[in-house]
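One structure is given here, and the rest of the page talks about it.
Computation of the quantities below employed the complete heavy-atom set of this structure, encompassing side-chain atoms and omitting hydrogens, waters and symmetry-equivalent molecules. Chain letters run A, B, ... following the sequence lines, proteins first and then strands; every chain starts at 1.
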Amino acid sequence: MPELPEVEVTRRSIERPLAGAVVRAAVMGKPLRWPLGCDPASLTGRAVGSVMRRGKYLWLVLGPRPGMPQDDAGGLLLHLGMSGSLGFHPASTPPPPPGPHDHFDLLTTQGTLRLHDPRRFGAVVWSAGLDQAPASTLLQRLGPEPFDPSLTPERFHARLQQRRTAIKNVLLSGDAVVGAGNIYACEALFQSGIDPRVRADRISRPRAARLLQAVRDTLARATALGGSTLRDFRDAHGMNGEFQAEAAVYGREAQPCTRCGAAIRRIVQGQRATYLCPACQKR
DNA sequence: CGGGACGCCTGTGAGC
DNA sequence: TGCTCACAGGCGTCCC
């Protein structure tokens with residue numbers, strides 16, 4: 001489900017309500033992708049700091065336990081996987097009892113942060129720091145952030161030159177730029193007029209520049225619209241995303257291209273659906 | 001090493 | 001109606 005825009009929308013929706021909160025308890029339900037990595041009780045008493053995002057991961061800063069030195073601090077690395085979402089329930093209106101797909105509750109003085117994830121591909125993992133395992137191990141393989149100014153068209157092009165596989169798969173792998181999942185990779189390739197099957201190392205510099213711009217435009221636009229709600233994505237306050245109504249190719253097989261009217265095609269790459277306009281997107 | 005397939009898990013919708 | 005199957009927004013791991 002969640003690609004970078006949905007994760008960023010989620011981050012923004014929880015940072016305000018959690019600012020200044022202190023953890024009262026943490027409750028782990030069914031196992032997620034990885035174990036929590038600590039005793040949930042050891043989270044109690046910690047102050048919640050900022051909420052950061054790296055790629056599609058969220059990092060929830062937690063201070064030291066009361067009476068403990070600063071190096072007792074750490075945080076929770078969260079991932080929403082394919083079907084995860086976070087809900088925030090203010091202290092004034094406590095959450096209902098956890099349902100069968102509610103797998104983690106962080107109860108704080110200001111409300112409860114709850115992870116809902118039917119498929120359980122998501123994760124909540126304790127780490128003593130972003131630069132320490134396990135967080136550092138998980139984050140180290142990520143490529144540059146799409147809105148990092150130091151990711152220039154030249155650098156992006158140089159990274160594409162190192163990959164001999166289809167550009168769509170390179171975007172999904174996140175090693176030239178993170179954040180585009182299946183929807184936004186398809187949309188950015190459409191916007192830049194590039195056939196998803198083109199080998200990454202065959203993309204010229206000007207086209208790479210256009211693709212990077214398209215990735216940025218697509219992710220920014222989707223974030224501004226609250227993400228895409230295809231089935232059940234909501235922000236932490238239950239708000240739908242609206243981007244899906246603007247998708248030019250994703251999920252539109254056999255429908256007319258919004259630009260040229262040709263029928264949108266669905267193909268499979270790396271066992272995942274790719275949507276493209278056979279007329280607008282060139283090899 | 002790069003590239004590609006697999007598997008984690010559950011829900012939904014299409015087709016029979 | 002009820003069953004089976006394909007498919008779904010991610011990504012770490014394993015094998016070639």
Grab the [atom1]-[atom2] distance between [X] and [N] for me, whole Å please.
{"X": "Met82(A)", "N": "dG11(B)", "atom1": "CE", "atom2": "C1'", "answer": "12 Å"}
{"X": "Trp34(A)", "N": "dC9(B)", "atom1": "CH2", "atom2": "P", "answer": "14 Å"}
{"X": "Tyr250(A)", "N": "dG10(C)", "atom1": "OH", "atom2": "C1'", "answer": "12 Å"}
{"X": "Tyr275(A)", "N": "dC7(C)", "atom1": "OH", "atom2": "C1'", "answer": "9 Å"}
{"X": "Leu138(A)", "N": "dT13(C)", "atom1": "CG", "atom2": "P", "answer": "8 Å"}
{"X": "Arg141(A)", "N": "dC14(C)", "atom1": "CZ", "atom2": "C1'", "answer": "13 Å"}
{"X": "Ile267(A)", "N": "dC7(C)", "atom1": "CD1", "atom2": "P", "answer": "14 Å"}
{"X": "Asp117(A)", "N": "dA8(C)", "atom1": "CG", "atom2": "P", "answer": "18 Å"}

Any residue meeting ring pair (Phe, Tyr, Trp, His ring centres under 6.0 Å) with Phe156(A), in chain and number order, not counting sequence neighbours: none
In B/S/- notation (B base, S sugar-phosphate only, - none; protein heavy atoms under 4.0 Å), nucleotides 1-8 of chain B written 5' to 3' is --SSBBBB
Pairs meeting criterion side-chain hydrogen bond (donor to acceptor under 3.5 Å, both in side chains) with involvement of residues 15-31 of chain A, two or more places apart: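 Counting only pairs at least two positions apart or across chains, the side-chain hydrogen bond (donor to acceptor under 3.5 Å, both in side chains) contacts touching residues 15-31 of chain A are Arg11(A)-Glu15(A).
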Any side-chain hydrogen bond (donor to acceptor under 3.5 Å, both in side chains) pairs touching residues 86-99 of chain A, not counting sequence neighbours? none
Do you see a donor-acceptor pair shorter than 3.5 Å between the side chains of Arg155(A) and Ser150(A)?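 Ser150(A) and Arg155(A) do have a side-chain donor-acceptor pair below 3.5 Å.
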Please check if any side-chain donor atom of Thr112(A) sits under 3.5 Å from a side-chain acceptor atom of Asp105(A), or the reverse. no
Any chance CE of Met52(A) has more than 12 other-residue heavy atoms, nucleotides or ligands included, within less than 6.0 Å?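 Atom CE in Met52(A) is packed in, count exceeds 12.
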Under the rule of Watson-Crick or G-U wobble with both distances under 3.5 Å, where | means paired to another strand and [ ] a crossing pair, DNA chain C maps to .|||||||.|||||||
[M] and [N], which share atom name [atom1], separated by this distance in whole Å:
{"N": "dG11(B)", "M": "dG12(C)", "atom1": "P", "answer": "24 Å"}
{"N": "dC11(C)", "M": "dT12(B)", "atom1": "C1'", "answer": "23 Å"}
{"N": "dA5(B)", "M": "dC7(C)", "atom1": "P", "answer": "15 Å"}
{"N": "dC6(B)", "M": "dA6(C)", "atom1": "P", "answer": "14 Å"}

Scan Arg266(A) against the nucleic acid and name what it touches under 4.0 Å (heavy atoms): base, sugar-phosphate only, or nothing.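 If one applies the 4.0 Å heavy-atom cut-off, Arg266(A) turns out to touch the sugar-phosphate alone, with no base involved.
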If you look at every strand shown and take non-hydrogen atoms under 4.0 Å, does Phe243(A) touch a base, only sugar-phosphate, or nothing?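 Nothing: the residue Phe243(A), judged by heavy atoms under 4.0 Å, touches no strand.
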Verdict with reasoning, Tyr184(A) to Phe243(A), per ring pair (Phe, Tyr, Trp, His ring centres under 6.0 Å): CA-CA 10 Å; Tyr184(A) 303 119; Phe243(A) 181 86; 5.2 Å; yes
So, is Arg272(A) near the phosphate of dC7(C), with a side-chain N or O under 4.0 Å from OP1 or OP2?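 So the side chain of Arg272(A) is outside the cut-off, no N or O lying under 4.0 Å from OP1 or OP2 of dC7(C).
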Tell me whether the OP1 or OP2 atom of dT10(B) has a side-chain N or O from His101(A) closer than 4.0 Å. no
Partner of Val178(A) by side-chain contact (heavy atoms from CB on, under 4.5 Å), out of Lys56(A), Arg141(A), Arg54(A):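 The residue from Lys56(A), Arg141(A), Arg54(A) that satisfies side-chain contact (heavy atoms from CB on, under 4.5 Å) with Val178(A) turns out to be Arg54(A).
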Side-chain (Asp72(A)) to main-chain (Arg65(A)) donor-acceptor, under 3.5 angstrom: yes
Can you list everything that forms a salt bridge (Lys or Arg N to Asp or Glu O under 4.0 Å) with Arg199(A)? Sequence neighbours excluded, please.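 Arg199(A): salt bridge (Lys or Arg N to Asp or Glu O under 4.0 Å) contacts with Asp201(A).
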